[in-house]
There are 2 protein chains.
Amino acid sequence: MARSHEPTLADVAERAGVSVTTVSRVLNARGYLSQDAKDRVARAIEDLGYRPNQVARALHGKKTNTIGLIIPTVALPFFGELAVEVENALADGGYRILICNSLGRADREREYLNLLIGNRVDGIISGAHNEGLCEYESIRMPLVTIDRDLSPTIPNVRCDNRGAGRMATEKLLEAGARRPALLTSRSGAHNLREQGYRDALAGTGAEPLVLAVPFDTPSPLRQRRVEEALDSIAGRFDAVFATDDLAAAEVLEWARGRGVDVPSRLKVVGFDGTTAIRRALPALATIRQPLDLIARKAVELLVAQIDGSGPSPGDAGGVPSAVEFPVAFLPGRTL
Amino acid sequence: MARSHEPTLADVAERAGVSVTTVSRVLNARGYLSQDAKDRVARAIEDLGYRPNQVARALHGKKTNTIGLIIPTVALPFFGELAVEVENALADGGYRILICNSLGRADREREYLNLLIGNRVDGIISGAHNEGLCEYESIRMPLVTIDRDLSPTIPNVRCDNRGAGRMATEKLLEAGARRPALLTSRSGAHNLREQGYRDALAGTGAEPLVLAVPFDTPSPLRQRRVEEALDSIAGRFDAVFATDDLAAAEVLEWARGRGVDVPSRLKVVGFDGTTAIRRALPALATIRQPLDLIARKAVELLVAQIDGSGPSPGDAGGVPSAVEFPVAFLPGRTL
DNA sequence: CTGAAAGCGCTAACAG
DNA sequence: CTGTTAGCGCTTTCAG
C-alpha cells in the first residue's frame with residue numbers, strides 16, 4: 001500500500017531546524033518561545049500537513065479526552081437523539097464520544113465495558129438496560145448513568161419518571177377515560193412510570209391493568225405480542241398509556257385493525273416525544289423527556305468527576321445520587 | 001481520586017515472576033510458552049484485573065482497529081440504523097467504530113475528519129452529505145463512501161437510487177395516480193432518485209413536479225415548508241413520492257390538515273423503510289433500502305483497502321467505483 | 001528562550 | 001522456551 005508515514009513531531013522539528021521540544025511547545029503554547037521559532041514551526045507544520053498523533057499524546061498524558069456512551073442502540077430514535085445531545089454537551093468540554101450499542105445483550109455490554117477501559121476512556125455514561133452486570137461494581141472510573149439505578153453511589157440522571165407516569169395517566173382521565181391500561185417494557189417495583197400510573201389510578205376506583213412487552217422484542221414479533229396483550233384485556237380498558245412512543249404506535253395500529261376509533265373509543269398517550277417520532281406521528285399525544293437537559297447534566301456530573309472537582313463513584317455525600325428533570329405534555333389527537 | 005494506576009504489563013510480569021515479553025507473548029498467544037509460564041501469567045492477570053492498554057498497543061502497532069463513520073446524525077432513524085449495521089459488520093473483523101455526527105455542517109465534518117486522522121483510525125466510511133469538502137481529496141487513508149459520490153476514485157456503496165425512484169413512481173401510477181409529484185431534499189442532476197422519477201414519468205404525458213425541502217431543515221420549520229411547497233402546486237398533483245419516510249409523514253399530515261383523503265384522493269410513497277419508522281407508521285407504503293447489505297459491502301471494501309488486498313483511494317482499476325443494491329417495495333395503505 | 005533525555009505501556013527483534 | 005533491549009510519537013523535567 002506504499003503509504004508514506006504521516007509526518008511526526010520529529011519531521012516537523014527537522015524541517016523547522018529546531019528540536020522536538022520546541023515544536024511540542026508551540027503546539028501546546030507552553031513556556032516562552034521566540035517569535036522566530038514559532039513562525040518557523042508553524043510553517044513546517046503547514047508544509048508537511050502535520051497532525052499530532054493523538055494516540056501517542058494519550059499514552060503519555062494519561063488522558064484520552066474520550067468518554068464512552070453505552071446505550072441499547074442508536075437505531076431507536078430515543079437513544080439516537082440522546083447520543084447526539086450527549087455529544088453536543090461533551091463537545092463544549094473538548095471531549096469526544098465513543099458510542100457503544102449494547103443491543104440489550106449483557107455479553108455485548110460487558111465486552112464494550114472492557115473495550116472502553118482498555119482504551120482508557122476518561123469516563124463512562126451508561127444508559128443501557130441490562131440488569132446485574134457486576135462489572136460496574138468494580139469499575140474505578142468516572143461513571144454516570146442515565147435513567148438507570150446501578151447503585152446508590154453512582155450518580156443517576158433521568159426525568160421524573162413517577163411524576164411523568166402520573167401526568168400521562170391523569171391526561172387520559174381528564175380526557176374522559178375511565179379505565180386506562182398501561183403498556184410497558186417490564187413491570188415491577190423499579191418501574192417508576194408504572195408507579196406513577198398506579199398513583200394516578202388510586203382513588204379513581206379503576207383497576208390497574210399492566211401489560212408488559214419487552215422493548216427489544218424483534219420488530220415483526222412485537223406488533224403481534226402487543227396485539228395479544230391488548231386482546232387479552234379486551235373490553236376492560238378504554239385508554240392506554242404506553243411507556244414509549246413506538247409502543248403507542250403499535251397500540252394505534254391494533255386499534256385500526258380492530259376497527260376501534262381513536263380517540264372516541266380509545267385514548268392513547270405515549271412517552272419520550274423524540275423529534276423523529278413526532279415528525280412521523282404528530283397526532284400522537286405524548287410525554288416529552290428533556291433530553292437536552294438530561295444529557296447536559298450527565299456530562300456536567302461526569303466532567304466534575306474527571307476533573308476531580310466532584311465525587312468519584314464510591315464516594316458518599318456530595319452530589320445527590322439521582323437528579324430528576326420534569327417532563328412536558330405534548331398534546332395530540334389521540335386523546 | 002487517589003486512583004492508583006491501572007496495572008501494567010510490568011506489574012503482571014513482576015507478580016508472575018517472569019519478563020514482560022513472556023506476558024506479552026501469552027497475551028498474544030505468540031511463540032512457544034511453557035504451560036507453567038502460561039498458568040502463572042494467567043493467574044497474575046486475573047489477580048490484578050489487568051486489561052491491556054489499547055492506546056499503547058495502537059501506538060506501537062500502527063493499527064488502532066478503529067474506523068470512523070461520518071454521518072449527518074444518528075438522531076435520524078435512517079442513519080441510526082445504518083450505524084448499527086456498520087458496527088455489526090465491523091465487529092466480525094475485530095474493528096470498532098467511532099461515530100461522528102456532522103449535523104450537516106461542513107465545519108463540523110472537517111473537524112471530525114481531523115479528529116479521525118489525529119486518532120489514527122484505520123479507515124473511514126463517510127455517509128455525510130456536505131458538498132465540496134476538499135479535505136477528502138488529500139486524504140491518504142482507506143476510505144469508502146455510502147450513497148455519496150466524492151470522486152470517481154473513491155468506492156461508493158448505495159442502493160440503486162435511480163431504479164428505486166422509478167419503482168416508487170411506477171407504484172403510484174399502477175395504483176391509479178396520474179400526476180405524481182416528487183418531494184426531495186435537493187433537486188438536481190446528481191439526484192438519482194429524481195432521475196428515476198423522471199424516467200417513470202417520461203411517456204406518460206405527466207409533467208414532472210419537483211419540490212425541494214432540505215432534509216436538515218429544523219423540525220418545526222420543516223412541516224411548514226413542506227405544506228407551502230404542496231400548496232404551491234395544489235390541484236396539479238394526485239400523488240407524492242417523498243425521498244425519505246419522514247418527509248412522507250409530513251405529506252400525510254398536510255393531507256389530514258387539508259381534508260384530503262389518502263389514498264383515494266392522494267397516494268403517497270416514501271423511501272428508506274427503516275424499522276423505526278415502519279413501526280411508527282406501518283400504513284406508509286415505502287421503498288426499503290437494504291441497509292444490512294450496504295453496510296456489509298462498505299465494510300468489506302474498506303477492510304480490503306486496510307489489509308492492502310484491495311485498491312487504495314487514488315488507485316484506478318480493481319473494484320468498480322460504485323456498487324449498487326436493489327431495493328424492495330413495502331406495500332402500505334397510502335396507495 | 002531552547003535542547004537532551006527519560007519515559008508512558010506495549011511489541012518485536014535478537015540473543016541466550 | 002525466555003529475557004534484554006530498542007523503539008512507537010509525544011510530553012516533560014532538567015540543564016544549559
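In the text below, chain A, chain B and the rest are named by the order of the sequence lines, each starting its count at 1.
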Trainee: Counting only side-chain heavy atoms from C-beta out, which of dT2(C), dC1(D), dG9(D) sits nearest to Leu33(A)?
Mentor: dT2(C)
Trainee: Tell me the interatomic distance from Arg51(B), atom CZ, to dC10(C), atom P, rounded to whole angstroms.
Mentor: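 After rounding, the reported distance stands at 13 Å.
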Trainee: Output the single nucleotide from dT12(D), dT11(C), dC1(C) whose closest atom is nearest the side chain of Ser24(B).
Mentor: dT11(C)
Trainee: What's Val55(A) touching, base or sugar-phosphate or nothing? Going by heavy atoms closer than 4.0 Å.
Mentor: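 Contact class for Val55(A): none.
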Trainee: Give me the one residue out of Gln54(A), Arg96(A), Arg120(A) that meets side-chain hydrogen bond (donor to acceptor under 3.5 Å, both in side chains) with Thr66(A).
Mentor: Arg96(A)
Trainee: Whole angstroms only, please: what is the CZ-C1' distance between Arg30(A) and dT13(D)?
Mentor: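 Answer to the nearest Å: 12 Å.
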Trainee: Of the nucleotides dA12(C), dC10(D), dT2(C), which has the atom closest to the Arg57(A) side chain?
Mentor: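 Ranking dA12(C), dC10(D), dT2(C) by closest atom to the Arg57(A) side chain puts dC10(D) first.
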Trainee: To the nearest angstrom, how far is Asn28(A) atom CG from dT12(D) atom C1'?
Mentor: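 It is 10 Å, rounded to the nearest whole Å.
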Trainee: Taking the minimum atom-to-atom distance to the side chain of Arg25(A), which one of dC14(D), dC10(C), dC10(D) wins?
Mentor: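 Nucleotide nearest to Arg25(A)'s side chain: dC14(D).
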Trainee: In terms of side-chain heavy atoms of Asn53(B), which of dC10(C), dG3(D), dC10(D) is nearest?
Mentor: dC10(C)
Trainee: Please confirm whether the shortest side-chain N or O distance from Thr22(B) to OP1 or OP2 of dG3(D) is below 4.0 Å.
Mentor: yes
Trainee: Would you state whether a donor and an acceptor, one from the side chain of His60(A) and one from the base of dG7(C), lie under 3.5 Å apart?
Mentor: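 Indeed, a donor on one side and an acceptor on the other fall under 3.5 Å apart.
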Trainee: Would you mind telling me which residue lines up with the more 5' stretch of DNA chain D, Gly61(B) or Val20(B), judged by nearest nucleotide?
Mentor: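 It is Val20(B) whose nearest nucleotide is closer to the 5' end.
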Trainee: Within the structure shown, what part of the strands sits under 4.0 Å from Leu9(B) by heavy-atom distance: base, sugar-phosphate, or nothing?
Mentor: base
Trainee: Using the C1' atoms of five pairs at each end, what's the angle between the two axes of the helix from dC1(C)-dG16(D) to dG16(C)-dC1(D), to 10 degrees?
Mentor: 40°
Trainee: In terms of side-chain heavy atoms of Thr21(B), which of dT4(D), dT2(C), dC10(D) is nearest?
Mentor: dT4(D)
Trainee: Touch check for Ala58(B), heavy atoms < 4.0 angstrom, all strands: base, sugar-phosphate only, or nothing?
Mentor: nothing
Trainee: Considering only side-chain heavy atoms of Leu59(A), which listed nucleotide, dA12(C), dC8(C), dT11(D), is closest?
Mentor: dC8(C)
Trainee: Can you tell me if the side-chain N/O atoms of Ser19(A) get under 4.0 Å from OP1 or OP2 in dG3(C)?
Mentor: yes
